[in-house]
2 protein chains.
Amino acid sequence: MLKGIVTVSLKQDVLDPQGLAVQHSLQSLGYSEAQNVRIGKSIEIWLDESDLKKAELRLRKMCEALLVNSVIENYQIEILELPLELEE
Amino acid sequence: MLKGIVTVSLKQDVLDPQGLAVQHSLQSLGYSEAQNVRIGKSIEIWLDESDLKKAELRLRKMCEALLVNSVIENYQIEILELPLELEE
């Protein structure tokens, strides 16, 4: 069993109204050092697979097929090996 | 300038209907190895601050004040030092 983590973020030129709203809220709360906020997704997928390379390839395909809109989003993949008893 | 990354995930016992929907979609698409899917947020915040320790403390306060609902969510903080020309 492997755990894949896909971090999906909006491309740099894409407007992020949610991030902007959070940035303004932080500044109203006195956190004036918060200069720019972007909000993306963090998708955790437990994979019934033991081969790291194969898992990464399949995860990349899942991103392209469903998880990521490549017109407006970028993604990063991380794969962790977890012993069963440590799984969340 | 520092970049903080806050990863917000639902606590283990909290139902995640969005994750479940994605899991079912992946399985319908033939990715039967996708056993469990949880969807969280990845929040990037550029901080006008140079002290790593101070930035982490402030970021933690932002999480507690606004970014994270500690009743149902957990969070992790990561802080990166970025030279200005490398900022996204």
Side-chain angles (χ1 to χ4, degrees), chain A residues 1-13 16 18-19 21-51 54-55 57-68 73-76 78 82 84 87-88, chain B residues 1-13 16 18-19 21-51 54-55 57-68 73-76 78 82 84 87-88:
Chain A
M1 200 80 160
L2 297 170
K3 183 178 171 186
I5 301 176
V6 181
T7 305
V8 183
S9 52
L10 283 172
K11 287 189 178 172
Q12 202 187 337
D13 296 336
D16 180 2
Q18 199 189 355
V22 168
Q23 182 184 336
H24 290 157
S25 299
L26 285 173
Q27 288 178 347
S28 319
L29 289 169
Y31 299 102
S32 55
E33 70 268 49
Q35 290 296 301
N36 186 16
V37 179
R38 305 282 287 174
I39 298 183
K41 277 176 284 188
S42 168
I43 306 173
E44 297 179 351
I45 304 185
W46 280 255
L47 297 162
D48 188 10
E49 173 63 63
S50 52
D51 183 327
K54 210 169 151 191
L57 194 74
R58 291 284 284 177
L59 203 51
R60 234 166 249 288
K61 283 192 179 167
M62 291 180 210
C63 287
E64 279 150 33
L66 182 77
L67 304 175
V68 178
E73 292 171 330
N74 290 321
Y75 69 96
Q76 281 182 305
E78 192 184 345
L82 284 183
L84 271 171
E87 273 164 27
E88 282 168 47
Chain B
M1 199 80 160
L2 298 170
K3 183 179 171 185
I5 301 176
V6 181
T7 306
V8 183
S9 52
L10 283 171
K11 287 188 178 173
Q12 203 187 335
D13 297 336
D16 179 2
Q18 197 189 357
V22 168
Q23 182 184 336
H24 291 156
S25 300
L26 285 173
Q27 289 178 347
S28 319
L29 289 169
Y31 298 103
S32 55
E33 71 268 48
Q35 289 296 301
N36 186 15
V37 179
R38 304 283 287 175
I39 298 184
K41 276 175 284 186
S42 169
I43 306 173
E44 298 178 351
I45 304 184
W46 279 256
L47 298 162
D48 188 10
E49 171 63 64
S50 51
D51 183 327
K54 211 170 150 189
L57 194 76
R58 291 284 285 177
L59 202 50
R60 232 165 251 289
K61 283 192 178 167
M62 290 180 211
C63 287
E64 280 150 33
L66 182 76
L67 303 174
V68 177
E73 293 171 330
N74 290 321
Y75 69 96
Q76 281 181 306
E78 193 184 345
L82 284 183
L84 270 169
E87 275 164 26
E88 280 167 47

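Letters go in sequence order (proteins before strands), and every chain restarts at 1.
Here the side chain of E49(B) pairs no donor or acceptor atom with the backbone of W46(B) at under 3.5 angstrom. Between the side chain of E78(B) and the backbone N or O of V6(B) there is no donor-acceptor pair closer than 3.5 Å.
For the atom pair CD (E73(B)) and SG (C63(B)), the distance works out to 10.0 Å, reported to the nearest 0.5 Å.
Heavy-atom distances place both the backbone and the side chain of L47(A) under 4.5 Å from chain B. No part of L59(B) comes within reach of chain A, as not one of its non-hydrogen atoms sits under 4.5 angstrom from that chain. Looking at I39(B), the atoms closer than 4.5 Å to chain A (heavy atoms on both sides) sit in the backbone and in the side chain alike. Of the atoms belonging to L26(A), heavy atoms from both backbone and side chain fall under 4.5 Å from chain B.
A salt bridge links E33(B) with R58(A): the closest approach of a Lys/Arg side-chain nitrogen to an acidic carboxylate oxygen falls below 4.0 angstrom.
Among the candidates L67(A), D48(A), I43(A), the residue making the largest number of heavy-atom pairs closer than 4.5 Å to chain B is D48(A).
Side-chain contact of Q23(A) with Y31(A): a donor-acceptor pair under 3.5 Å is absent, judged by distance alone.
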